[in-house]
Participant: 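One structure is given below, represented as structure tokens, and several questions about it will come after.
Throughout, protein chains are lettered first and strands after them, A, B, ... in sequence-line order, and every chain is numbered starting at 1.
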Amino acid sequence: MTYNFNDIEKKWQNYWATQQTFKASNQSDKPKYYVLDMFPYPSGAGLHVGHPLGYIASDIYARYKRHKGFNVLHPQGYDSFGLPAEQYAIQTGQHPAVTTETNITTYRRQLDQIGFSFDWSREVRTSNPEYYKWTQWIFIQLFESWYNNDTNKAEDIKTLISKFETEGNTNVNAACDDDIAPFTAAEWNNFSSEEQQDVLLKYRLTYLAETEVNWCPALGTVLANDEIVNGVSERGGHPVVRKKMTQWSMRISAYAERLLQGLDTVDWTDALKDIQKNWIGKSVGASVTFNVIPAVSSSAVETSHKIDVFTTRPDTIFGVSFMTLAPEHELVSKITTPEQKEAVEAYIEKTAKRSERDRMADVKTISGVFTGAYAEHPFSKAPIPIWIGDYVLASYGTGAVMAVPCGDQRDYDFAKHFDIAIPNIFEGADISEEAYASKDHVKIANSDFLNGMNYKKASKRVIFELEKLGQGEGKTNYRLRDAVFSRQRYWGEPFPVYYVNGMPQMIDQAHLPIVLPEVEKYLPTEEGEPPLGRADVWAWDTNQCAVVSNELIDHKTVFPLELNTMPGWAGSSWYFFRYMEDAANRDGVFASEDALKYWENVDLYIGGSEHATGHLLYSRFWVKLLKDRGFVNVEEPFKKLINQGMILGTSAFVYRDESNPNLYYSQGLIEDKNVLPIHVKVQYVNASDELDIEGLKTDGEFGEDFKDAEFILEDGVYKVGRDVEKMSKSKYNVVNPDSICADYGADSLRLYEMFLGPLEQYKPWNTAGITGVHNFLKKLWKLYVNDNSLKVNDAEPTKDNLKTLHKTIKKVQEDIENFSFNTSVSTFMIAVNELTQQKCTSKAILEPLLVLISPYAPHIAEELYSKLGHTESISTAAFPEFDASHLVESSKKYPISFNGKMRFTLELPMDMSKDAIEKTVMAHEKTIAQLDGRTPKKVIVVPGKIVNIVG
RNA sequence: GCUGAAGUGGUGGAAUUGGUAGACACGUUGGACUUAAAAUCCAAUGUCCAUUAGGACGUACGGGUUCAAGUCCCGUCUUCAGUACCA
């Protein structure tokens with residue numbers, strides 16, 4: 001019997017599918033465990049070997065947990081709304097739903113052939129109306145909520161309305177827009193309906209607001225920052241303008257503090273938590289208002305101007321010797337004196353050309369211009385010169401800084417450069433070379449009422465005094481901005497929203513889903529409206545409660561529907577709850593109370609760190625909202641999170657002579673010739689970096705290019721150059737799992753992906769190495785069966801057999817629990833090598849070994865397990881118990897070191913005393929030879945570990 | 001700039017609380033089997049010196065602590081990722 005992996009794998013994949021082996025139950029005596037992979041987008045290119053890395057890891061863990069007696073939920077589905085399908089639709093006219101369906105079919109086939117233990121019965125697709133019905137429903141919940149800062153949670157908007165009706169808004173402490181005028185209960189009750197709706201929008205957790213976007217008229221679309229290169233679109237090079245658009249926003253900023261605090265309760269890597277912490281960007285300090293001193297030279301009537309700044313160091317307020325505004329600050333043009341006008345304008349023009357990134361990265365170049373204006377110090381009343389400088393950015397804080405050169409290095413550098421005074425307000429600090437930026441061990445001096453105080457005390461006092469003056473207050477600032485939620489796209493969730501007199505109205509949940517309408521083209525309209533502007537049947541009839549033809553719009557009972565769609569992150573912000581419910585029971589709810597209660601949250605979440613500030617932050621936000629409103633019980637969706645690294649490609653190059661395009665030199669022959677490296681498909685390169693020239697010349701795609709090529713060989717072969725790059729079609733280094741599964745089998749692929757290195761690390765793929773794990777599987781097979789029969793028998797296991805087995809149990813269990821999958825693969829290899837050497841045939845050893853290997857290589861494990869006489873799947877067999885007694889050694893091979901360097905080893909009994917060890921070692925001939933007559937100064941003996949002789 | 005991670009043979013990587021550096025593989029070399037190839041099996045394989053015995057060096061670099069450092073401490077460099085001066 002040979003190891004016929006293709007047949008074996010197909011057989012067990014069919015078995016698992018027909019037997020529903022991995023279907024999870026919502027009722028079980030076993031403890032629950034929920035393992036989830038980050039939602040895949042089914043791209044048209046299909047999977048390459050890098051994609052399954054995380055899925056294999058999570059699958060090993062899920063299978064391990066089943067062996068350990070857990071009721072495991074391990075679902076999979078598709079984040080199937082998205083841009084690539086829409087792009088393809090624009091180019092070909094093919095409906096994105098069709099493209100998506102095709103891509104999912106490919107994706108599913110590829111996933112199935114790798115042997116994952118997914119519960120496919122619970123699959124979800126964000127683009128299915130039954131699914132996005134609930135995405136729309138959550139949107140409505142956001143709209144119907146406001147954030148009460150007093151109770152520190154979201155509440156029904158009705159509670160806000162009743163407050164308005166009885167006491168107005170002056171006592172309301174809410175997360176809201178900052179331009180809301182105060183009103184009394186009487187005023188509220190006299191507002192028109194539109195006025196009331198307008199006010200409420202400023203409090204709702206999702207609201208309409210004017211947002212600046214990067215608009216590209218030629219493409220008729222909005223572009224992300226990284227789609228713009230040097231001010232023009234990356235695709236096509238068209239001009240891009242800043243444009244204001246009315247869009248839905250999500251008031252995520254209301255949750256800034258809870259999103260930050262929640263990080264302390266989850267088991268994520270520090271790196272990931274740091275990214276979110278930085279993104280939320282909390283800083284505690286004070287806001288200070290500086291009054292601008294009206295310019296005497298100006299003949300125009302001066303209005304009084306104020307500059308608001310935020311500072312984390314209010315204690316240093318007496319160290320202010322100038323202020324710096326961002327060049328784009330709106331006050332700049334108003335306060336600049338005529339004398340300085342020319343210089344200021346020239347500077348503004350210069351900085352406008354620099355990208356924000358550029359301005360921020362460059363800390364060496366110091367530039368700025370004096371505006372000629374002065375502000376008044378709130379306490380000393382001294383005039384403070386106001387400068388502009390591009391190290392201050394308009395979009396951060398208030399776009400203005402109170403500069404304290406003695407305490408801030410950037411302010412210090414600026415002051416030195418422009419010869420501005422640097423008053424020292426720290427007792428005993430040396431500021432002759434650099435600023436003293438530390439908050440610790442400071443004693444404030446030269447600061448009037450703050451003298452002698454430390455940072456904490458002085459800050460508190462300043463805030464108190466500022467409040468007395470009405471020129472400031474204590475303030476906590478967050479960098480986190482509200483998230484724009486509208487997309488001018490077709491392939492996304494439609495909003496359940498229609499407009500009456502320009503005011504958004506929610507459609508009652510009884511009428512959801514509002515299904516994406518058909519359009520004849522997936523492009524924006526000529527008027528610049530989103531693609532849904534092309535739909536003919538896209539109006540809401542409030543009598544029929546149905547979507548009807550646009551022609552019926554009369555603004556009385558039939559109204560226009562929202563034309564934007566939701567962004568990609570909408571559907572992925574709650575999908576983990578949907579999996580909790582059996583597909584059969586999903587009709588009336590997004591997930592039933594029982595299901596939510598049973599599964600709670602995701603116990604293990606595996607995915608890439610690129611989602612750190614998108615998906616992982618937004619879904620935490622939505623979960624908190626759902627909890628506040630009583631729909632779920634958990635505050636955090638993902639208890640433990642592991643980031644997998646990326647598998648990189650190993651590109652191959654041939655070297656073309658620059659003067660003769662048909663001449664290629666082998667890698668070792670380049671020397672100082674002028675050659676051009678050209679990517680070639682990695683499939684034509686073997687493990688020794690040798691090129692298959694015939695294969696290359698007959699390649700369907702590029703063979704023609706090399707038809708007349710002459711390859712200059714070294715030692716009879718053409719050696720290619722190699723380099724590690726991201727796996728990508730354009731670099732011809734993509735390796736497809738289909739061919740790996742066909743050539744080596746899914747079990748080899750699974751083992752090899754793990755064997756490559758630590759899960760979280762970035763590492764290059766090299767197909768050549770897979771023969772190692774493939775040979776291992778063949779050896780494993782041979783341990784159980786020979787040419788025509790099963791070798792396994794009831795032989796009593798030997799001591800060595802037991803030692804090998806239990807050492808393996810211990811290591812594999814520790815490895816899986818530490819997500820150190822690469823080292824378990826080595827451990828399996830060692831175990832099989834040892835058992836082969838020991839000629840072990842004992843079922844008592846070989847059966848538990850299969851359970852250990854089954855999470856990693858499930859197909860071969862199932863096949864051999866059934867050969868051992870089992871009729872049930874191995875998937876729920878109990879994980880073998882580790883018994884330490886088998887590892888107890890009677891002797892130890894001591895390393896004998898001289899001055900810390902190991903010279904030889906000496907086998908001694910484990911129970912030998914320290915003195916006896918020393919005596920035996922000192923008497924040994926090799927020790928005497930090593931010492932060469934010298935007397936050692938000291939002999940260190942650590943029983944069970946090492947002997948070190950010093951001297 | 002800041003924050004985080006990392007730097008070990010030709011390659012991927014291993015090394016528990018400081019205790020035999022290079023496990024396990026790939027590749028390479030030599031051998032067996034074969035008409036031959038593939039497959040399989042066996043052996044060698046960090047670098048340098050040495051016929052051998054053996055020795056010297058060696059975990060990015062420079063210091064330090066220790067009987068003992070890949071591991072701990074200080075400094076430097078490089079790479080990758082995140083972030084963008086939050087005042």
Participant: Could you measure between the two C1' atoms, the one in B:C41 and the one in B:G22, and give it in whole Å?
Facilitator: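 B:C41 and B:G22 have their C1' atoms separated by 25 Å.
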Participant: Among B:A14, B:G12, B:A84, find the nucleotide with the atom closest to the side chain of A:Trp279.
Facilitator: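 Nearest to the side-chain atoms of A:Trp279, counting from C-beta on, is B:A84.
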Participant: Are A:Asp308 and A:Ser287 linked by a side-chain donor-acceptor pair shorter than 3.5 Å?
Facilitator: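 No - no donor-acceptor pair under 3.5 Å links their side chains.
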Participant: Do the rings of A:Tyr752 and A:Trp765 sit parallel, tilted or perpendicular, given the 30° and 60° boundaries?
Facilitator: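 Geometry flag for A:Trp765 against A:Tyr752: perpendicular rings.
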Participant: Please work out whether the ring planes of A:Tyr856 and A:Phe821 are parallel, tilted or perpendicular, with thresholds of 30° and 60°.
Facilitator: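 Perpendicular.
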Participant: Do the side chains of A:Glu918 and A:Lys914 get close enough for a salt bridge, i.e. N-O under 4.0 angstrom?
Facilitator: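 Salt bridge absent between A:Glu918 and A:Lys914.
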Participant: Tell which nucleotide pairs with B:A23, taking only Watson-Crick or G-U wobble pairs whose two distances are both under 3.5 angstrom.
Facilitator: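 Its partner: none found.
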Participant: Quantified in whole Å, what is the P atom distance between nucleotide B:A32 and nucleotide B:A69?
Facilitator: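 Approximately 45 Å lies between the P atom of B:A32 and that of B:A69.
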Participant: Ignoring hydrogens and geometry beyond distance, is a side-chain donor-acceptor pair present between A:Asp482 and A:Ser253 at under 3.5 Å?
Facilitator: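 The answer is yes; a qualifying pair exists.
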Participant: Check whether any side-chain heavy atom of A:Leu616 sits under 4.5 Å from a side-chain heavy atom of A:Met38, and report yes or no.
Facilitator: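 Touching, per the 4.5 Å side-chain cut-off.
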Participant: In this structure, how many angstroms lie between the C1' atom of B:G12 and the CG atom of A:Leu756, rounded?
Facilitator: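 Value for this atom pair: 7 Å.
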Participant: Taking the nucleotide of RNA chain B with the closest heavy atom to each, which residue, A:Gly757 or A:Thr613, is nearer the 5' end?
Facilitator: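 That would be A:Gly757.
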Participant: Considering only heavy atoms, which members of residues 805-813 of chain A lie under 4.0 Å from some atom of RNA chain B?
Facilitator: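 By residue number: none to list.
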Participant: Look at A:Arg313 and B:C86 and indicate whether a side-chain polar atom (N or O) is within less than 4.0 Å of OP1 or OP2.
Facilitator: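 Answer no for this pair, as no side-chain N or O of A:Arg313 is under 4.0 Å from OP1 or OP2.
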Participant: If we call it a pair only when both distances are under 3.5 Å in a Watson-Crick or G-U wobble match, what pairs with B:U59?
Facilitator: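 Here B:U59 is not engaged in any pair, so there is no nucleotide opposite it.
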Participant: Using the C1' atom as the point on both nucleotides, what is the distance between B:C26 and B:A14, in whole Å?
Facilitator: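 Comparing C1' positions in B:A14 and B:C26 gives a spacing of 15 Å.
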Participant: Only pairs with both distances under 3.5 Å count, Watson-Crick or wobble alike; so what is the partner of B:U78 in this structure?
Facilitator: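 Per the H-bond distance test, B:A6.
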Participant: Decide, yes or no, whether a salt bridge links A:Lys919 with A:Asp915 under the criterion of side-chain N to carboxylate O below 4.0 Å.
Facilitator: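 Looking at A:Asp915 together with A:Lys919, the answer is no, because their closest N to O distance does not fall below 4.0 Å.
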Participant: Within 45° of the axis and under 6.0 Å from the centre of the six-membered ring of A:Trp279, does NZ or CZ of A:Arg620 qualify?
Facilitator: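 Ring-cation test returns no.
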Participant: With rounding to whole Å, what would you report as the distance between B:A25 and B:A36 at their P atoms?
Facilitator: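 The same atom, P, in both gives a distance of 29 Å.
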Participant: Across all strands shown, which nucleotide pairs with B:G18 by Watson-Crick or G-U wobble geometry, both distances under 3.5 Å?
Facilitator: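 With both distances under 3.5 Å required, B:G18 matches none.
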Participant: Between A:Phe414 and A:Phe322, does the ring centroid distance fall short of 6.0 Å?
Facilitator: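 Here the rings of A:Phe322 and A:Phe414 have centres that are less than 6.0 Å from each other.
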Participant: Taking a pair as Watson-Crick or G-U wobble with both distances under 3.5 Å, which nucleotide is matched to B:C85?
Facilitator: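 Pairing partner: none.
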Participant: Tell me which of A:Arg903 and A:Gln761 sits closer to the 5' end of RNA chain B, going by the nucleotide each one is nearest to.
Facilitator: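 With A:Arg903 and A:Gln761 compared, the 5'-side residue is A:Gln761.
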Participant: Does B:G58 fall in syn (glycosidic angle within 90° of 0) or anti?
Facilitator: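 It is anti.
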Participant: Would you indicate which nucleotide in B:G4, B:C67, B:G12 comes nearest to any side-chain atom of A:Val950?
Facilitator: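 Closest nucleotide among those given: B:C67.
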Participant: Between B:C85, B:G12, B:A39, which one does the side chain of A:Tyr391 approach most closely?
Facilitator: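 The answer is B:C85, which lies nearest to the side chain.
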Participant: Considering only the P atoms, how many Å lie between B:U76 and B:A81, rounded to the nearest integer?
Facilitator: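 Result for the P pair: 23 Å, nearest Å.
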Participant: Counting any heavy atom closer than 4.0 Å, what does A:Lys778 reach on the DNA or RNA strands: base, sugar-phosphate only, or nothing?
Facilitator: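 It contacts sugar-phosphate atoms only.
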Participant: Quick check: closest heavy atoms across A:Ser367 and A:Asp390, and the distance to 0.1 Å?
Facilitator: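 Residues A:Ser367 and A:Asp390, closest heavy atoms: OG-OD1, 3.5 Å.
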Participant: When both hydrogen-bonding distances must be under 3.5 Å and the geometry is Watson-Crick or G-U wobble, what is B:C72 paired with, if anything?
Facilitator: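 Answer to the pairing question: B:G64, which forms a Watson-Crick or G-U pair with B:C72.
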Participant: Where do N or O atoms of nucleotides 19-25 of chain B meet protein N or O atoms at under 3.5 Å, pair by pair?
Facilitator:
residue: B:A25; atom: OP1; partner: A:Asn833; partner atom: ND2; Å: 2.8

Participant: If pairing requires Watson-Crick or G-U wobble contacts with both distances under 3.5 Å, which nucleotide is the partner of B:A50?
Facilitator: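 Its partner: none found.
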Participant: So what's B:U34 paired with, Watson-Crick or G-U wobble, going by both distances under 3.5 Å?
Facilitator: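 Base-paired to nothing in any strand shown.
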